Amino acid sequence: MAQKTIIYDAQTKQTKVVDYTAEEQAAYDDYNSTAKVTARKLVQIKEIRLEKLQATDYMANSDVTMPDYIKTWRQSLRDLPQNNTTESQYDTLLDQNADGSLKNSVWKQPTE
């Protein structure tokens, strides 16, 4: 299905809806290809994972003893890419609550 775009003519102050050009449609289709969408989701997962790991990096200092439950959680975060390889698994990891927080329990830092 051809995508549409809105063109505004400032002189006539008119807008019209036109189909994408062949180049625009090709770029749109490429950007929204399954492989690229899946790759972007994996990048998003890795960014969230990095934030979570960085939030507990201070526990890896030599003067702090990292609790085992944090070590286990950090390892599960590092294992996410190899243990989740499909777009549906990525969707599950990125699923959000109504308030925008991530639903999947893997993202929640354990307290013990």
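These numbers were taken from a predicted model, which means no experiment stands behind them. In what follows, every heavy atom counts, from backbone to side chain, and hydrogens, waters and symmetry copies are set aside.
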Checklist entry - Are Val64 and Tyr69 co-members of a hydrophobic cluster defined by side-chain heavy atoms under 4.5 Å apart? => result yes
Checklist outcome for this item: Here the gap from Asp19 atom CG to Gln25 atom CD, rounded to the nearest 0.5 Å, amounts to 8.5 Å
Checklist outcome for this item: Interatomic distance, CG@Asp63 vs OH@Tyr58, rounded to 0.5 Å, equals 11.5 Å
Checklist entry - Would you call Lys4 and Val18 a side-chain contact if the rule is heavy atoms closer than 4.5 Å? => result no
Checklist entry - Can you find a heavy atom in the side chain of Ile45 that is under 4.5 Å from one in the side chain of Asn84? => result no
Checklist entry - Is there side-chain contact between Ile7 and Gln14, with heavy atoms separated by less than 4.5 Å? => result no
Item to check | Criterion side-chain contact (heavy atoms from CB on, under 4.5 Å) on Met66 and Thr56, from CA distance to verdict | outcome: CA-CA 9 Å; Met66 185 182 298; Thr56 56; 5.8 Å; no
Checklist entry - Rounded to the nearest 0.5 Å, how far apart are CD1 of Ile48 and CG of Leu80? => result 10.0 Å
Item to check | Side-chain (Trp107) to main-chain (Arg49) donor-acceptor, under 3.5 angstrom | outcome: no
Checklist entry - Rounded to the nearest 0.5 Å, how far does CD of Gln3 lie from CG of Asp29? => result 7.5 Å
Item to check | Side-chain donor or acceptor of Glu24 paired with backbone N/O of Thr21 under 3.5 Å | outcome: yes
Checklist entry - Side chains of Thr92 and Gln89: is there a donor and an acceptor less than 3.5 Å apart? => result no
Next on the checklist: When you compare the side chain of Pro67 with that of Glu112, does any pair of heavy atoms fall below 4.5 Å?
Outcome noted: no
Checklist entry - So, Asp57 and Arg74, do they make that salt bridge, N to O below 4.0 Å? => result yes
Item to check | Stepwise side-chain contact (heavy atoms from CB on, under 4.5 Å) test for Asn104 and Asp95 | outcome: CA-CA 7 Å; Asn104 198 297; Asp95 197 19; over 6 Å; no
Checklist entry - Backbone N or O of Ala26 within a donor-acceptor pair of the Asp30 side chain at under 3.5 Å? => result no
Next on the checklist: Working note: Trp73 + Lys52, criterion side-chain contact (heavy atoms from CB on, under 4.5 Å); need CA distance, chi angles, decisive distance, verdict.
Outcome noted: CA-CA 10 Å; Trp73 178 65; Lys52 302 292 184 181; 3.9 Å; yes
Next on the checklist: Does any part of the side chain of Lys16, heavy atoms only, come nearer than 4.5 Å to the side chain of Ile6, both counted from C-beta?
Outcome noted: no
Next on the checklist: Determine whether Leu94 and Lys41 satisfy the following criterion, side-chain contact (heavy atoms from CB on, under 4.5 Å), listing intermediate values before the conclusion.
Outcome noted: CA-CA 8 Å; Leu94 294 171; Lys41 288 178 182 180; 3.9 Å; yes
Item to check | Other residues, nucleotides, ligands: >12 heavy atoms within 6.0 Å of Tyr8 OH | outcome: yes
Checklist entry - Are Leu53 and Leu102 in one and the same hydrophobic cluster, where Ile, Leu, Val, Met, Phe, Trp and Tyr link if side-chain heavy atoms are under 4.5 Å apart? => result yes
Checklist entry - Hey, is the main chain of Asn97 close enough, under 3.5 Å, to the side chain of Ser101 for a donor-acceptor pair? => result no
Checklist entry - Hey, are the side chains of Tyr90 and Arg40 touching, using non-hydrogen atoms and a 4.5 Å cut-off? => result no
